[in-house]
A.B. asks: 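Starting off with a structure, shown below.
Hydrogens, waters and symmetry mates play no part in the numbers below; they use all other heavy atoms, side chains included. Order of the sequence lines fixes the chain letters, A, B, ..., with proteins taken first and strands second; residue numbering starts at 1 for each chain.
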Amino acid sequence: MPQVRIVAKNFMDMVAALPAMKLDQLYDSSFICEAVLRSLPPLAKKYVLQLLFIDAPVTAKSIEEWVLSDGISKHKVAIDRLLQLRVFSEVIDRKKEASYKLNPKFQSNMQRYLVHGGSLPREPMPSSVTVRLPTAEDLEAYALEQWECFLLQLISSAQAERPTNFSPSMMRVFQRGLLSARENEAPRLTENGFQFLLMETNAQLWYIIREYISTAEDRGVDPTDLISFLLELSFHKMGEAYNLNTLTDVQRSAIKDLADLGLVKLQQGRKESWFIPTKLATNLSVSLSDSSSRKQGFVVVETNFRTYAYSTSKLHCEILRLFARVEYQLPNLIVGAITKESLYNAFENGITAEQIVSFLQQNAHPRVAEKTPTVPENVTDQIRLWETDRNRVELIPSHLYEDFPSKEVFEAACDFARDVGGLLWEDSKKMQLIVRGDIHQHMRDFFRRQK
Amino acid sequence: MATITMAAKYKTSVKEPGIPGVLKMMEDRFVFTPNDPRSSTKLNVDFRQIKGHKFSKDGSKQALLNLTQDPEKGGGYIFEFNSFPDRNACRDFVGKVLGRIQSAEKPPASQHAEQLSTKELERRMKLLTEDSELQNLHRQLVANGVLMDSEFWAARQNLLDNDNYGAPKQRAGFKSAMLADVKPLADGRTNKVTFSLTAETIHQIFAEKPAVHRAFLDYVPTKMTEKDFWTKYCRAEYLHKTKNSVAAAAEAAEDEELAIFLKHDDILANETRRKIQRVDPTLDMEADVGDDYMHLPDHGILRDGSKETVEGDNEFSRRTLSQDLNRHGAVVLEGRALDVELGDTRTVAEALARSKQGSSTENSDENANMEKLERVCRMTEIEDLQAPRTFPVAPLCIKDPREYFDSQQANAVKTLGDNGAGMKPMDCSLSAEEAWIYLMGQISQVKVRGFNHPIVQSEAALKVLNGLNQNLSSTKYQFGKNSQESVLDRLPQRIKADLLNHWTTIQELLRHFWSSYPITTEHLSKKVIRLKDAMTDIYVKLQEIKESVQGDFRHQVSLLVQPMVQALDAAFAHHDNEQQKRAAKGGVKPNGFAQ
Amino acid sequence: MASLVPPPKLYTDDVSLIVIILDTNPFFWGTLSNTSALTFSFSKFLNHMIPFVNSLLLLNQLNHVVLIASGVASCGYIYDSATAVASDGGQKVPAVCSEILSRLEEFVAKDQRLGKGDLRTVAGSMSSLFSGALSLALCYIQRVFRSGMQHPQPRILCLQGSPDGPEQYVAVMNAIFSAQRSMVPIDSCVLGMQHSAFLQQASYITGGVYLKPQQLDGLFEYFTAVFATDLQSRTFLELPRPVGVDFRASCFCHKKTIDMGYVCSVCLSIFCKHHKKCSTCGSDFSHGHSELDRKRKHSEV
């Protein structure tokens with residue numbers, strides 16, 4: 001089961017894992033080049049820019065000269081990345097020295113981009129045709145709602161107000177890592193599921209998209225197309241309407257799914273229908289390793305362990321329920337308290353204290369966000385302490401043997417247990433022996449043999 | 001004037017009536033001829049034998065002038081004049097003469113015989129042994145006669161002062177032991193009580209209890225011996241300690257001296273009264289209200305009036321502990337007024353009295369009063385009733401910025417142009433119009449034509465990159481891979497040590513060199529010459545080092561050595577200039593500068 | 001349990017705010033293009049500079065670029081990428097270019113009007129208002145600091161070629177020290193024929209890069225290889241260092257650079273000759289020589 005890691009990097013890894021031909025295809029679009037460039041580590045960006053106008057290969061040594069001794073590791077990481085993404089291609093000359101060259105397509109695209117800029121394959125539709133374009137706030141609200149709805153459905157299908165258009169199989173795919181269902185039981189969130197919920201929106205989005213793309217092949221869709229479409233989408237202007245008929249078939253089918261996720265809004269006019277990218281879509285192009293879409297936080301944590309969440313969304317309520325005891329739910333406020341029981345609950349489910357703390361910190365209400373620390377220290381310390389509490393005691397199922405007939409038998413049993421590696425405790429005076437549960441059978445056989 | 005003649009009386013000590021006569025002072029000696037031709041006390045003394053002169057204050061009983069021969073012994077020729085102006089005239093004359101003489105003969109003597117106390121010497125030796133660099137420098141310069149020892153140390157005064165030799169700067173104050181510890185040793189068997197009073201304690205007692213002090217001065221040794229005095233005092237203290245007011249009253253009635261010890265210290269009372277009078281009436285008592293900690297529990301001293309015993313009219317009411325403490329604190333803060341050795345009680349008492357006299361502010365300054373009155377007026381004025389104050393407006397003074405910023409453009413440009421990397425400054429052949437037109441044209445050109453594609457030719461870009469790389473590798477080579485590493489570290493140890501050594505020596509030499517200018521005395525010019533020779537030596541040595549280093553280091557070493565050489569050159573140039581100027585002037589000195 | 005995200009970094013390391021100061025001194029540019037050695041015209045310069053701005057904006061979505069022009073009689077803001085009218089998406093680049101060009105044109109026209117009455121006809125020494133532009137840059141940066149929002153670490157890039165105006169020495173040094181205080185590095189790229197003492201000192205004191213390109217037709221390459229490096233990466237990269245910096249001060253009376261001079265003990269202003277009175281703070285030096293010597297004479301005694 002894939003661990004939910006820093007998803008953005010994973011996406012790029014996915015891109016890098018595409019076969020060479022497909023990757024080159026991707027680099028046809030200057031937007032993808034731009035997106036890829038932005039996702040590189042800073043040193044790699046510099047190298048690309050440096051070599052942008054140079055056709056001949058440049059020796060690796062000459063690039064390395066720029067680097068001080070403590071930056072060598074970063075340099076290596078950058079070069080590896082560039083090679084992985086096939087932005088750099090390595091050329092070994094006769095002297096067995098390595099030199100690098102930029103991918104020619106990438107290079108020409110970027111060169112042109114610097115001077116002329118890129119152009120999207122589609123233009124926004126004139127406003128005469130489009131009617132009732134939603135305002136920016138509406139759009140944002142819509143996107144948020146869609147996304148939350150989707151998440152709610154993800155967690156527990158019963159709770160969603162509006163089922164999405166995803167087929168159950170699709171949902172199952174998404175839930176693959178996040179929920180586990182036993183027979184006749186409602187699916188419960190797994191460890192990864194919890195972690196997923198506590199992540200940031202962008203990271204969650206990328207995770208879902210990654211899943212979506214990785215299953216594309218099964219649905220008969222070329223993942224490369226999807227990737228390029230998604231990256232392109234991020235360069236569209238938010239709030240502008242783009243005609244649906246400019247999309248290819250593949251893209252058209254994808255757009256419906258994306259609308260369910262809240263990335264675009266579909267609207268129908270009299271004759272035409274169009275889609276409007278939302279903020280979620282345009283944020284995809286933001287440097288893929290950071291999240292600067294600071295949405296408003298909503299949680300205030302007090303030093304007496306009470307939490308006040310100024311939010312109306314059910315999703316937030318669910319998330320809070322994960323680790324806090326929700327006491328009241330008012331029209332715009334969720335009042336809860338972080339208690340030992342609720343935290344233990346969370347720990348059982350596999351959430352770590354760090355995740356809880358970082359969730360609280362990232363989603364801090366603007367009022368408390370400027371204070372340091374955003375979450376009171378006694379709360380964070382206590383959460384961590386309670387977590388370590390659980391590690392104090394280690395439970396091992398075991399068996400206790402007593403009433404040995406004689407000392408020799410006892411000694412023999414001890415030795416045997418020790419050899420097998422299951423001896424946990426012995427008391428020669430009282431002649432008691434505690435052995436690990438899993439070798440209980442062995443012990444019984446041993447005693448029988450003794451007799 | 002070359003001679004001065006004055007009527008005076010000659011005596012050998014202050015109390016003598018003196019032999020009237022005429023004192024005649026010339027440039028090199030003075031002659032005293034008594035009026036009485038029969039008297040044998042004629043004097044004809046060379047001024048060279050006179051080491052110094054002392055005189056009594058203007059306005060004292062006698063107008064005395066004492067020409068001392070030997071500073072230690074204090075004896076000399078004492079002349080009494082009829083009036084102070086006379087005495088002052090003679091005094092000034094003597095001063096001049098002495099000054100002249102001493103400056104003439106001082107140079108050989110004084111510079112060598114610097115009166116160093118052993119402490120000073122010790123300090124210097126200690127510094128030298130601690131700092132080997134300093135020792136090196138000292139050896140190089142002073143041992144070789146380039147600099148004088150005195151000059152060497154003159155620049156290092158701060159090092160010497162920092163030592164903790166000598167008296168600690170802080171003086172110890174009074175101990176508080178007196179308050180608590182002067183307890184009598186009560187001998188259980190006999191009914192004897194022993195007090196022990198040390199000199200220190202006595203000093204303290206005088207400081208803190210002025211009435212006792214006054215009593216001491218009055219009664220001892222006239223009325224009673226010191227021992228008696230102290231016995232009475234101790235008795236009074238004992239009575240006080242027993243808090244037996246009735247017994248105290250009884251004893252006081254008998255013995256009036258004892259009574260003094262038991263009474264309130266009236267001198268103190270006077271003093272405090274005076275102090276209270278001097279308190280500023282504009283003192284804002286309200287501001288201190290918050291400082292009263294009485295309202296807080298456990299703070300402050302709880303004074304429950306009911307518990308206090310009313311002493312009534314008893315004169316000998318107890319001094320309270322708080323009074324004692326306050327007095328003690330006040331005295332400690334005043335500091336020790338005396339540095340007199342605590343020997344004889346009498347002298348201590350006298351000294352204390354004298355110092356008190358000196359520092360008393362009885363003569364309340366008129367100024368202080370005036371200030372106080374003014375301040376009172378100011379604080380109590382009612383704002384509404386005041387006329388609007390219009391202060392005279394000070395005219396705004398903005399210095400002409402041109403004076404500050406402007407320059408002789410041609411000059412400045414020329415010199416700035418010299419800084420360039422060897423390229424000659426551009427001659428601009430464009431007129432103003434042309435230039436603007438050109439610029440606008442260029443911009444519109446870009447607008448119309450757009451950008452070239454590619455922006456940079458590949459070969460050009462490659463060349464640039466290679467150039468930059470080369471630049472990088474060469475600087476790395478020059479400065480070392482690590483910016484922390486300097487050229488010095490890569491040189492062989494000996495050369496490095498030599499260079500550093502020379503550097504410190506040069507700094508020292510230059511410091512003395514520049515401080516000797518402008519040259520006014522013979523001594524300075526000789527010093528300068530000595531310094532210059534030393535510097536020339538080092539210069540030569542530096543050149544040698546430069547030559548000796550081989551190959552690739554040579555350039556770097558010469559870079560290192562460059563500032564030193566420059567500084568030395570500047571010094572030499574200055575010296576030569578001065579020489580020339582002096583030669584040109586031909587020896588005419590203004591103001592009688594010795595040369 | 002595997003830990004999930006690393007502590008959230010609010011900004012990736014390489015976001016930068018770059019304030020670029022352009023030299024639009026027509027005399028300098030005109031002279032430069034006439035010099036036969038280099039055929040570098042203002043249009044060629046723009047050809048390199050504007051794509052460089054684009055490349056900076058390309059590197060990171062959050063990069064922020066501000067252009068300030070320093071003319072002969074005035075200086076002003078030309079372009080600010082945060083408030084630019086440019087649309088998102090593909091049309092950005094040409095929009096940026098056109099905006100920069102049109103604003104530049106306006107600025108030059110205004111500069112010409114303002115400079116009409118100028119008496120300085122020694123055109124070859126015509127310097128641009130570098131100190132003014134530097135002050136504008138620092139003010140902008142201060143505004144960003146005080147806006148309270150998160151901001152990237154700013155730096156200033158000076159593309160200068162006009163000779164140093166000696167009358168601006170004090171103002172430039174003050175600006176440099178305040179940049180040092182706010183920890184804003186000043187990079188310099190000298191386009192003219194001569195090195196600039198001001199810029200050398202500026203880059204040295206604030207920890208920036210000073211470069212005098214040997215080949216002006218590869219200017220873009222210099223830009224991208226050296227000046228596009230963000231501040232974070234500079235900590236482990238080796239960038240071109242000048243071999244020596246001219247540290248000499250200029251005297252306050254004639255503005256000559258001097259090695260040795262007289263310093264006022266009150267305000268520390270430097271003079272090349274002995275003056276009776278300090279022209280900056282007004283303190284009197286006339287008691288200087290004679291009394292000093294008399295005192296020294298006595299101390300020798």
A.B. asks: Below 4.5 Å from any heavy atom of chain B, which atoms of Leu52(A) appear? Answer side chain, backbone, both or neither.
C.D. replies: neither
A.B. asks: Please state whether the side chain, the backbone, both or neither of Leu465(B) comes within less than 4.5 Å of a heavy atom of chain A.
C.D. replies: side chain
A.B. asks: Going by heavy atoms in the side chains, are Phe53(A) and Leu462(B) under 4.5 Å from each other?
C.D. replies: no
A.B. asks: Under 6.0 Å from the NZ atom of Lys105(A), do we count more than 12 heavy atoms belonging to anything else shown?
C.D. replies: yes
A.B. asks: Count the heavy atoms of every other residue, nucleotide or ligand shown that sit under 6.0 Å from CD of Gln507(B), and state whether that count exceeds 12.
C.D. replies: yes
A.B. asks: Would you say Lys463(B) has more than 12 foreign heavy atoms packed within less than 6.0 Å of its NZ?
C.D. replies: no
A.B. asks: Nearest 0.5 angstrom please: Leu468(B) CG to Glu65(A) CD, how far?
C.D. replies: 11.5 Å
A.B. asks: Examine distances only and state if a side-chain atom of Asp55(A) and a backbone atom of Ser458(B) form a donor-acceptor pair shorter than 3.5 Å.
C.D. replies: no
